[in-house]
Amino acid sequence: MNEASWRGVRGPLPFGALAIAVVLSALAIVEALGGQARPEPDPPWVAHLQAMDDALAAGDRRVADWALREAHWAALGSRRWEGMIEVGDAARRAGNITVARTAYMTAAFRARRLRSLEGILSAAQAFAGLGDREAAQQWLSVATELAKPSESGLARVRTVGENLHRRAFAGERP
């Protein structure tokens, strides 16, 4: 490149962009050669659920209820379905079926909004675990509609549905 072709380029921008590209490339190489990725921190509800389990183990129902309530609020704030499933499972362990049902329903609606087949199937399984076959079937229907464009998705829905159906007739809870 001759000097005349550089006249239109002013300032440090081209060289700065090149420097950034070199640094990013070097970081990618370090990562590929064994650099450690930072572990993701636990979601905000996890510590509360652990506190609930610890309180239940110690026989402190009041602290367990408080920790479950805090976990529920943290999971609500996340806008994700996974936390609500975990809160529902914890509520079942604590014997609070009303909170479990509410958490599972919230998870199901969030998963539907996010178009998460896995989330809807998790909610269906959770409702089956409560013995609520009607809600489980309703969410399996939603999952079927969501999965229609994908053969593998439909196969996943069929597998979960068959497992829930088999367990229901065997008297098991998933």
Side-chain angles (χ1 to χ4, degrees), residues 31 36-174:
E31 183 71 27
Q36 296 295 317
R38 291 186 186 143
E40 290 205 21
D42 284 335
W45 58 84
V46 170
H48 298 297
L49 294 179
Q50 183 60 54
M52 184 207 79
D53 286 336
D54 293 346
L56 286 175
D60 192 339
R61 187 73 194 176
R62 186 183 61 75
V63 170
D65 288 344
W66 181 259
L68 179 60
R69 187 174 304 119
E70 291 293 311
H72 189 251
W73 281 110
L76 276 173
S78 78
R79 316 293 271 163
R80 294 168 39 192
W81 62 265
E82 297 92 342
M84 297 310 296
I85 292 288
E86 290 181 39
V87 166
D89 292 347
R92 281 179 55 196
R93 289 193 303 276
N96 193 331
I97 302 307
T98 302
V99 170
R101 186 176 308 283
T102 301
Y104 293 149
M105 191 62 71
T106 302
F109 279 106
R110 284 181 175 183
R112 184 176 71 180
R113 180 178 40 94
L114 296 170
R115 302 189 57 74
S116 170
L117 180 60
E118 197 57 40
I120 294 169
L121 291 175
S122 294
Q125 291 171 314
F127 279 114
L130 289 176
D132 189 341
R133 292 180 188 159
E134 186 177 323
Q137 187 58 50
Q138 174 188 355
W139 289 106
L140 280 175
S141 295
V142 171
T144 300
E145 288 302 312
L146 181 63
K148 275 188 178 176
S150 162
E151 271 305 312
S152 63
L154 285 171
R156 174 89 171 102
V157 172
R158 276 192 300 274
T159 300
V160 169
E162 289 168 1
N163 287 339
L164 294 180
H165 186 71
R166 185 173 39 256
R167 288 180 178 154
F169 283 112
E172 296 177 34
R173 294 266 169 107

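Of all the heavy atoms in A100 and G88, the pair that sits closest is CB-O, 3.4 Å. Between V99 and A91, the closest heavy-atom pair is CG1-CB, 3.8 Å. Looking at every heavy atom in both residues, A124 comes nearest to L164 through O-CD1, 4.1 Å. What you find for K148 and L154 is that their closest heavy atoms are O-CD1, 3.8 Å.
Ion pair R69/D65 not flagged as a salt bridge, since none of the NZ, NE, NH1 or NH2 atoms sits closer than 4.0 Å to an Asp/Glu carboxylate oxygen.
When side chains are defined from C-beta on, M84 does not count as touching T102, because their heavy atoms never get closer than 4.5 Å. Looking at heavy atoms from C-beta onward, E86 lies in side-chain contact with V46 at the 4.5 angstrom threshold.
In the model, S78 has no side-chain atom that pairs as donor or acceptor with a side-chain atom of W45 under 3.5 Å.
For A51, the side chain to side chain contact (heavy atoms under 4.5 Å, CB included) partners are A67, not counting sequence neighbours. With sequence neighbours left out, the side-chain hydrogen bond (donor to acceptor under 3.5 Å, both in side chains) criterion links E118 to R156. With sequence neighbours left out, A143 forms a side chain to side chain contact (heavy atoms under 4.5 Å, CB included) with L117, I120, L121, V157.
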Next item on the list: Starting from the C-alpha separation in whole Å, work towards a yes-or-no answer on side chain to side chain contact (heavy atoms under 4.5 Å, CB included) for R61 and L56.
Entry: CA-CA 6 Å; R61 187 73 194 176; L56 286 175; 3.6 Å; yes

Next item on the list: Given side chain to side chain contact (heavy atoms under 4.5 Å, CB included), test R101 with F127 step by step and report yes or no.
Entry: CA-CA 7 Å; R101 186 176 308 283; F127 279 114; 4.1 Å; yes

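Around CZ of R79, the count of heavy atoms belonging to other residues, nucleotides or ligands within 6.0 Å does not exceed 12.
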